[in-house]
J.: 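Got a structure for you, written out below as structure tokens; questions coming shortly.
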Amino acid sequence: MKAAITSTGNTLDSLLDQHFGRCQYFVVYDTDSKSIEFLPNPFKTMEEGAGYSVVQLLVSKGVNKVISGEFGLKVKPILDSHKIQMIIIKDPNKRINGILELLNHY
Amino acid sequence: MSPKLKVLRRVSGPPPIKGFRPYGEATNHRIADPVNLLYEEYEALRLSDYERLNHHQASVVMGVSRPTFTRIYARALQKIASAFVEGRQISIEGGKIFFDSDWFRCADCSCYFNNPEKDKPVEQCPLCGSQQVSGFEMEKTSGTRPSEVSYDECVCTVCGFEIPHQPGKPCNQEICPQCNGAMRRKKVLEFSHQKKS
């Protein structure tokens with residue numbers, strides 16, 4: 001299972017990004033191989049449709065869970081139609097390594 | 001003037017298959033054009049006949065009015081009937097819809113999550129694995145309207161049962177807790193009675 005976490009930086013103690021489409025980095029975590037990949041978001045400066053492009057990118061990576069602070073109105077149906085699970089953490093002080101620890105039960 | 005835009009219909013998920021194909025004698029002369037059943041029509045049929053909701057409950061689920069739901073449902077039946085009688089294929093695609101899913105909340109890590117696999121029940125939190133999960137209404141948090149005090153009541157048009165009116169939620173979207181009938185604002189009903197007499 002692969003999970004994508006939105007991150008403000010490319011280190012393990014960066015904070016969770018509260019935006020989905022315009023986050024700074026994605027952390028793609030594979031729970032089977034325990035591999036972690038930092039992916040800079042190429043669509044963060046797009047004026048419109050960032051969410052859609054981001055979902056296409058994540059689908060091509062084989063992600064089936066996304067963790068972020070918030071999901072926009074337009075991106076929710078797109079993720080739903082791809083059967084990707086959304087997880088919302090409304091805590092801006094959450095760090096990436098804390099979330100990875102939570103995911104360790106897989 | 002541009003025509004009135006259609007309201008997007010809420011569909012819980014795509015059907016497990018893309019359509020149906022007839023077999024037997026009639027398939028020898030394959031009719032090229034299949035009947036196109038829209039996603040919203042499939043959803044109407046699923047809610048009404050598979051989940052056994054009444055039209056009013058189903059219309060609230062799909063986010064359309066009750067008359068619109070009945071029209072969608074009638075179109076679905078009409079299309080399926082023509083496919084059966086004429087021996088045509090049914091393809092399920094298209095429609096003015098958006099996908100939606102149920103949301104849950106985990107009490108341990110205080111996260112919110114949805115369930116894209118609708119057939120499987122949610123047993124544990126996808127983040128921390130805790131069993132302390134409960135159903136959650138996403139609309140309640142997104143409502144930014146300040147709490148208005150209202151002394152109005154919604155009344156059931158079938159059995160007359162009354163519940164206090166909730167501001168920001170139209171009465172015709174409420175479902176009577178006793179008989180699953182359609183609700184209306186009490187004032188409106190009284191007014192129309194006065195008009196008649």
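Worth saying up front: this structure is predicted, and the values here are computed from it rather than measured. Below, chains carry the letters A, B, ... as their sequence lines are ordered, and counting in each starts from 1.
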J.: Considering residues, nucleotides and ligands other than H19(A), do more than 12 of their heavy atoms fall under 6.0 Å from its NE2?
T.: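 Not buried by this count: 12 neighbours or fewer within 6.0 Å.
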J.: Indicate yes or no: at least one non-hydrogen side-chain atom of P126(B) is less than 4.5 angstrom from one of K65(A).
T.: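 In contact.
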J.: More than 12 heavy atoms of other residues, nucleotides or ligands under 6.0 Å from CZ of F43(A): is that the case?
T.: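 Atom CZ in F43(A) is crowded, with more than 12 foreign heavy atoms closer than 6.0 Å.
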J.: How long is the span from the CE atom in M86(A) to the SG atom in C111(B), to the nearest 0.5 Å?
T.: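 Output value for this atom pair is 13.0 Å.
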J.: Any side-chain heavy atom of W103(B) sitting closer than 4.5 Å to one from I88(A)?
T.: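 A side-chain contact exists here, since the closest heavy-atom pair is under 4.5 Å.
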J.: Main chain of F113(B), side chain of Q85(A): is a donor-acceptor contact present, judged purely on distance under 3.5 Å?
T.: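 No, Q85(A) side chain to F113(B) backbone: no donor-acceptor pair under 3.5 Å.
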J.: Would a hydrophobic clustering, with Ile, Leu, Val, Met, Phe, Trp and Tyr connected at side-chain separations under 4.5 Å, put V11(B) with Y73(B)?
T.: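 Linked within one cluster.
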J.: Answer yes or no: are there more than 12 heavy-atom neighbours, outside L5(B) itself, under 6.0 Å from its atom CG?
T.: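 Count not over threshold, so no.
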J.: Got a sec: does the CZ of F84(B) have more than 12 other heavy atoms crowding it under 6.0 Å?
T.: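 Check fails, neighbour count at 12 or below.
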J.: Taking the side chain as every heavy atom from C-beta outward, state whether N114(B) and D80(A) have any pair of such atoms under 4.5 Å apart.
T.: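 When only atoms from C-beta onward are counted, D80(A) and N114(B) do touch, with a gap below 4.5 Å.
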J.: Would you compute the distance between atom SG of C125(B) and atom CD1 of I87(A) and round it to the nearest 0.5 angstrom?
T.: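 Going from the SG atom of C125(B) to the CD1 atom of I87(A) covers 6.5 Å.
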J.: What do you reckon, is CZ of F20(B) surrounded by more than 12 foreign heavy atoms closer than 6.0 Å?
T.: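 For F20(B), atom CZ is not crowded (no more than 12 foreign heavy atoms under 6.0 Å).
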J.: Between I84(A) and chain B, with a heavy-atom cut-off of 4.5 Å, which part of the residue counts as in contact: side chain, backbone, both or neither?
T.: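 Only the backbone of I84(A) comes within 4.5 Å of chain B.
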